[in-house]
Amino acid sequence: VASDRFLKAFLASLKSTGFYSPEHPACVAAFQELAQAAAGLLQDKDSFYIGVVGKELVINGIPQFQQISIYARIVELLHRRGIEKMTFARDLAAEELKILVLLLPQEGAGGGGDFNRQLQEVGVTHITTGRLSTGKSEAKADQTHHFDLAEQNYASGLEAIQEINHLVRERRVVKGGDVSSLARMLVRGIRENQGTLMTILNLHSKDEYTATHCLDVALLTMVQASRLRLDEGTLAEVAAAGLLHDLGKLLIPDEVLNKKGPLDPAEWELMREHPRLGAELIHGIPGVGDLAYIAAYEHHIRLDHSGYPPRRRTLPLHSFSLMVAIADVYDAMRSRRSYQDEQPPEKAAGVLFKGAGTHFHPVLVRRFLDEVGTFGLGSVVSLDSGEVAVVVANNPGWPSRPVVQVIMDEAGREVGGKRINTADDDVVVSVERSLPVDGSFRDRLRDVDFGA
Ligand SMILES: [Fe+2]
Ligand SMILES: [Fe+2]
């Protein structure tokens, strides 16, 4: 594959320049191969990038798991400079790559932004690097780093899904390995950073039927499954089930999918085909487990067996299909749709609560709300004291009484720090409702410590 070839050539260039002078035939050959590999990646794209998420290397969002140990050297070099992302743009010259290879390992060269400037100064304009934010106290920087990491995890996930969806739409081959690499990255993300990931998910603006929906349903299904003590492989299968649940929609014409008004009977008939179509598509991806296949087929069948496709009562639904169904309905309500605005989290939670026992499995609804809470993590909420706060943790068993951090007093003055556990016995304050969040607020959240 093109990305693999590029990383190998990058590594080979680094190695040979470590042994020989840049004019040595071995280096010249390595540089040549590197330039060709880059050209291959830029053939049908304006740019591509290498990213570091934790200890993992990603290219255009696709994690390169198989090669972790081989590419450790590249990860280490980027890490040392705090470079999280290195972007290569179209019209990149072979000379620029050569300079990069020579400059990157040099002791004393600057980190992130400085390195970027350094590259520019020597005429490298088609390669740019991004760095981690600094200049804060260590604890805060750590917190911000957490947030950045989760955000990067989320963004990489989106890109990888877009790539997969693109292949399906073009009727090209999807590699099961790409799906499972992505799924495994999400498993790690959830294990290490669940609260922050949930916050990002909650605050993201969403459109239905897009990569966001696939990723969110995957994460919201994993959150339900994460307490089941599943091994990593099974949890990755759960992630894949969420990621691929609506794959069949890629075969539904856009006019039907994005129609503003209600669907007519023929269109509705078509729409109801997407679970079956999705299951068939998944069947054609080698290496994706049965769980994804089953969940795609069953995710619109309700607990009482209403919904679609039609189902005999005697045939029970898979419990992971029921989890995907909960995640799906919740996320759809939280998304902007062609015929409806996004709904506040407490309303989406209310729909689950009301449907528990008929549409949804009541135990699973309770578990979902234990994790996600009535108001979602990271939501800005008004308290009945008149203060404004951010939800920073949920209390299992009492989803409507989260832990909050007050950010504005009753007079509307900004304050920081005070945490209230609204579930505590001696606390009389409670959350009234969630408030719409604007973009500028996101930056303030980077410093919030999510967790009880
Ligand atoms: Fe669906
Ligand atoms: Fe869906």
Side-chain angles (χ1 to χ4, degrees), residues 157 160-161 164-165 168 174 176 178-187 190 201 208-228 230-252 271-312 315-333 335 352 355-356 359-365 367-368 371-372:
I161 297 165
I164 291 164
N165 286 355
V168 171
V174 177
D178 281 355
V179 176
S180 52
S181 281
L182 171 58
R184 293 220 305 270
M185 181 180 84
L186 297 180
V187 169
I190 281 283
L201 180 154
E208 215 196 2
Y209 313 141
T210 57
T212 336
H213 177 64
C214 306
L215 182 56
D216 289 358
V217 170
L219 292 170
L220 291 170
T221 307
M222 292 166 76
V223 158
Q224 300 175 63
S226 64
R227 283 212 263 150
L228 300 178
L230 302 173
D231 60 89
E232 189 162 316
T234 312
L235 197 53
E237 272 199 57
V238 172
L243 287 170
L244 303 177
H245 80 284
D246 265 343
L247 207 63
K249 279 193 178 160
L250 296 174
L251 303 184
I252 307 287
M271 192 66 140
R272 287 161 62 107
E273 283 291 297
H274 84 265
R276 188 183 58 77
L277 293 170
E280 273 171 19
L281 283 172
I282 292 167
H283 195 62
I285 307 176
V288 172
D290 290 345
L291 209 57
Y293 173 83
I294 295 168
Y297 190 81
E298 294 184 338
H299 76 278
H300 284 288
I301 308 175
R302 295 155 173 168
L303 184 69
D304 61 8
H305 287 210
S306 60
Y308 60 91
R311 170 72 147 229
R312 267 188 296 128
L315 229 57
L317 296 167
H318 198 294
S319 53
F320 285 114
S321 303
L322 292 164
M323 291 184 204
V324 170
I326 289 173
D328 186 33
V329 168
Y330 182 85
D331 193 67
M333 292 219 43
S335 306
L352 295 183
H359 291 187
F360 313 110
H361 198 293
V363 173
L364 298 180
V365 168
R367 189 185 296 150
F368 180 88
E371 292 295 333
V372 173

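For clarity, every value in this text was computed on a predicted model and none was experimentally measured.
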S.K.: Check whether any side-chain N or O of Arg367 sits under 3.5 Å from a backbone N or O of Pro362 as a donor-acceptor pair, and report yes or no.
M.R.: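 No, Arg367 side chain to Pro362 backbone: no donor-acceptor pair under 3.5 Å.
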S.K.: Within a reach of under 6.0 Å around NE2 of His305, are more than 12 heavy atoms found that belong to other residues, nucleotides or ligands?
M.R.: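 Check passes, neighbour count above 12.
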S.K.: For the ring pair His318 and His299, is the centre-to-centre distance below 6.0 Å?
M.R.: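 Aromatic pair excluded; centres sit 6.0 Å or further apart.
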S.K.: With a 3.5 Å distance limit and no angle check, can you tell me whether Gln224 reaches the backbone of Met323 through a side-chain donor-acceptor pair?
M.R.: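 At least one qualifying donor-acceptor pair exists.
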S.K.: For Leu317 and Arg311, run side-chain contact (heavy atoms from CB on, under 4.5 Å): C-alpha distance rounded to whole Å, both residues' side-chain angles, the deciding distance at 0.1 Å, then the answer.
M.R.: CA-CA 9 Å; Leu317 296 167; Arg311 170 72 147 229; 3.6 Å; yes
S.K.: Aromatic ring centroids of His245 and His213 under 6.0 Å?
M.R.: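 So the answer is yes for these two rings.
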S.K.: So, do Phe360 and Val329 sit near enough that their side-chain heavy atoms are less than 4.5 Å apart?
M.R.: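 Yes, their side chains come closer than 4.5 Å.
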S.K.: Answer whether the closest heavy-atom distance between the side chains of Leu228 and Phe320 falls below 4.5 Å.
M.R.: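 Leu228 vs Phe320: side chains touch.
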S.K.: Taking the side chain as C-beta and beyond, is there a heavy-atom pair between Pro309 and Ile301 under 4.5 Å?
M.R.: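 Answer yes - side chains close enough.
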S.K.: Would you mind reporting whether Ile326 and Thr221 have side-chain heavy atoms less than 4.5 Å apart?
M.R.: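 Thr221 does not reach Ile326 side chain to side chain.
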S.K.: Report yes or no: does Ser226 contribute a side-chain atom to a donor-acceptor pair with the main-chain N or O of Val223 at less than 3.5 Å?
M.R.: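 Yes; at least one donor-acceptor contact below 3.5 Å.
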S.K.: Do the side chain of Asp246 and the main chain of Lys249 share a donor and acceptor less than 3.5 angstrom apart?
M.R.: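 Here the side-chain-to-backbone pair does not exist.
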S.K.: Is there a side-chain contact between Ile161 and Asn165, using heavy atoms and a 4.5 Å cut-off?
M.R.: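 Yes; the side chains approach each other to less than 4.5 Å.
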